[in-house]
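Whatever order the structure lists them in is the order used to number ligands and atoms, beginning at 1. Hydrogens, waters and symmetry mates play no part in the numbers below; they use all other heavy atoms, side chains included. Bear in mind the structure is a predicted one, so any value in this text is a computation, not a measurement.
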Amino acid sequence: MINELREFLKSQHPGVEYTSGLIDLVSYSTDASTNQNRPLMAVWPTSTGQISGILAFCNERGIPVTARGAGTGLTGMAVPIEGGIVLDLCRMNRIKKLSIADRLAVVEPGVVFGDLAKALAPHGFCFPPDPSSGIVATLGGNVATNAGGLKGAKYGTTKDYVLGLEVVLANGQVMRTGGKTLKTSSGYNLTQLFVGSEGTLGVISEITLKINPLPTVFSTAMASFDNVEDAGRAITGIMQSGILPAVLEIMDRATIKAVSQYSELELPQCAAMILVETDGFTKGETEYQLDKVLGLFKANQASSIRKAGSQQERMALWKARKAAYGGLANLNNTLLVEDLAVPMSKVAPMLKFVEELSLRYGLTIATAGHAGDGNLHPTICFDGANQAEAERAHQAAAELFDKIIEFEGTLTGEHGIGLDKAPLLHTEHDAEAMAAMGGLKNYFDPNHILNPGKMALTKP
Ligand SMILES: Cc1cc2nc3c(=O)[nH]c(=O)nc-3n(C[C@H](O)[C@H](O)[C@H](O)COP(=O)(O)OP(=O)(O)OC[C@H]3O[C@@H](n4cnc5c(N)ncnc54)[C@H](O)[C@@H]3O)c2cc1C
């Protein structure tokens, strides 16, 4: 079958490059998760027409096709678990249009988040979602996972900025959704259907994004707390106070310890630290908001507060948060990076629960996250070679998932369902919602060739 595809590409799309070299295929067998399966071929399309031809060919023959951006997904979303071909979109990386007048950018899916940020900055504009992986992750991947990031509390996630899409459907037909206006009430919102669909409904070949003015003034502070519940209450209080910080990040004791060991930073050994930043266009507005936040830190027993007095001090406060991923990666040989989000009133109880879970199971569970939108990343650290410890880690994760549902939260705030969370999807969505998702999959991809095996979307 792959020989046939090779012949098809040579004759019909002679410009398309592809590989079935072992080293390449091993690289394409995984992403930033622990899942892996080797595809038969990886293809680098450079146009919508090429994607269309490849999908039509694969659809007729039932060949699985997994779209891929930068492969930074954390739940196995881009792992070709049923083999077939990987469609690597990294060469479709043109910014097709920047229109400040219309406040939008039109991009190909392989444009890296950071490259769009660099192109927009000289115009005083930005695309606000700010995933920590933004220097490598693609906008196609961001849309297909509904990526969030450090600024979600104030600016929302990718879904809030996608105005329109061009999507190649499983049968090769090209569909346009949405448009170029900042608002519309026209018909079903098909654009949002594809946001977060993880490559299971179609391959996104063009994205129209809303852009925002880039804030120019920032006020930044960091507070430490002697217990996580006080920190959680401070977060809930801030988000109820009527102001909207751009950044509200939390790190718990285990994360602070990991960062201290990994970096040269001297951090207070406390139960939790919160990094806060307000942004805007005048010092008056950012300082007014920060003063309110500092009042809430004090009212919730912050043991220390450091406010940045200069850009240099601001960067010093950010350093600790930026070192969190590196620090956590060094904690043990196996990590389960969770990605829950809970209603704001449940942030403090969830932090407390994770702390108790860690003690009860005798495992390090380090929590960092975008607390301003209730999105926490408890990371369960264990020795994967020790079977008993691995089992304990998975039991602890199972208890965590039950608690998320009890708190009316979600299993994934931004990392997606992929393979890791697929068996749990039904615990969050009722039978009717699951059936609707299955029906949509069958409509858009009746032969289940698009990223099969993901999101619990099994073939009827
Ligand atoms: C260190 C680190 C930090 C991270 N921080 C964050 C964070 O702050 N916020 C966050 O949200 N995530 C974060 N992530 C996760 C990851 O970066 C995001 O999920 C990102 O959006 C994935 O983009 P990608 O280009 O790597 O996509 P991939 O991993 O290649 O693909 C992800 C999914 O999108 C699909 N897809 C990709 N392109 C297309 C397309 N054109 N059409 C249809 N489907 C497509 C794939 O099939 C797959 O299902 C982090 C990951 C790492 C490793």
Have a look at ligand 1 and work out which part of [X], if any, has a heavy atom under 4.0 Å from it: side chain, backbone, both or neither.
X: Asn451; answer: side chain
X: Ala147; answer: both
X: Thr145; answer: side chain

Determine the interplanar angle of the Phe194 and Phe444 rings, folded into 0 to 90°, and report it as parallel if under 30°, tilted if 30 to 60°, perpendicular if over 60°. perpendicular
Distance filter under 4.0 Å to [X] heavy atoms, resulting ligand 1 atoms:
X: Glu198; answer: 47 (O), 49 (O)
X: His415; answer: 12 (N), 13 (C)
X: Ala137; answer: 23 (O), 25 (O)
X: Gly199; answer: 43 (C), 44 (N)
X: Gly202; answer: 43 (C)
X: Arg68; answer: 30 (O)
X: Ser133; answer: 3 (C), 4 (C), 5 (N), 6 (C), 13 (C), 14 (N), 16 (C), 17 (O), 50 (C), 51 (C)
X: Asn142; answer: 20 (C), 21 (O)

Contact (N/O only, under 3.5 Å) between [X] and ligand 1:
X: Pro109; value: no
X: Ser132; value: yes
X: Val203; value: no
X: Gly73; value: yes
X: Asn146; value: no
X: Gly69; value: yes
X: Met77; value: yes
X: Ala70; value: yes
X: Leu74; value: no
X: Asp130; value: no

For atom 51 (C) of ligand 1, which candidate among Thr75, Thr72, Ile207, Thr66 holds the nearest heavy atom? Thr72
Would [X] and [Y] count as having a side-chain donor-acceptor pair, cut-off 3.5 Å?
X: Asn93; Y: Asp115; value: no
X: His394; Y: Glu389; value: no
X: Glu166; Y: Thr48; value: yes

Heavy-atom pair with the smallest gap, counting every atom of Gly83 and Asn37: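 Closest pair (atom of Gly83, atom of Asn37, distance): N-ND2, 3.4 Å.
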Among all protein heavy atoms, pick out the one at the shortest distance from [atom]; state its residue, atom name and that distance to 0.1 Å.
atom: atom 25 (O) of ligand 1; answer: Thr138 OG1, 2.7 Å
atom: atom 41 (N) of ligand 1; answer: Ile204 O, 3.0 Å
atom: atom 40 (C) of ligand 1; answer: Leu89 CD1, 3.7 Å
atom: atom 31 (O) of ligand 1; answer: Ala78 CB, 3.8 Å
atom: atom 35 (C) of ligand 1; answer: Ala144 CB, 3.5 Å
atom: atom 47 (O) of ligand 1; answer: Ala67 O, 2.6 Å
atom: atom 27 (O) of ligand 1; answer: Gly141 CA, 3.6 Å
atom: atom 28 (P) of ligand 1; answer: Gly71 N, 3.6 Å

Under a heavy-atom criterion of less than 4.0 Å, does Ser197 contact ligand 1? no
Heavy atom of Gly148 under 4.0 Å from ligand 1? yes
Less than 6.0 Å separating the ring centroids of Tyr155 and Phe127?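 Ring-ring flag for Tyr155/Phe127: false, centres at least 6.0 Å apart.
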Closer than 4.0 angstrom, basic N to acidic O: yes or no for [X] and [Y]?
X: Arg176; Y: Glu206; answer: yes
X: Asp88; Y: Arg68; answer: no
X: Arg91; Y: Glu17; answer: yes
X: Glu338; Y: Lys421; answer: yes

Would one find more than 12 heavy atoms of other residues, nucleotides or ligands at under 6.0 Å from atom [atom1] of [X]?
X: Glu408; atom1: CD; value: no
X: Arg306; atom1: CZ; value: no
X: Lys118; atom1: NZ; value: no

Beyond-backbone contact of Phe57 with Leu9, side-chain heavy atoms, under 4.5 angstrom: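 The answer is no; the side chains never approach within 4.5 Å.
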Are any non-hydrogen side-chain atoms of Leu376 and Ile250 less than 4.5 angstrom apart? yes
Point-to-point distance, once rounded to the nearest 0.5 Å, from [atom1] of [X] to [atom2] of [Y]:
X: His370; Y: Asp373; atom1: NE2; atom2: CG; result: 7.0 Å
X: Leu248; Y: Ile238; atom1: CG; atom2: CD1; result: 5.0 Å
X: Asp445; Y: Asn171; atom1: CG; atom2: CG; result: 9.5 Å

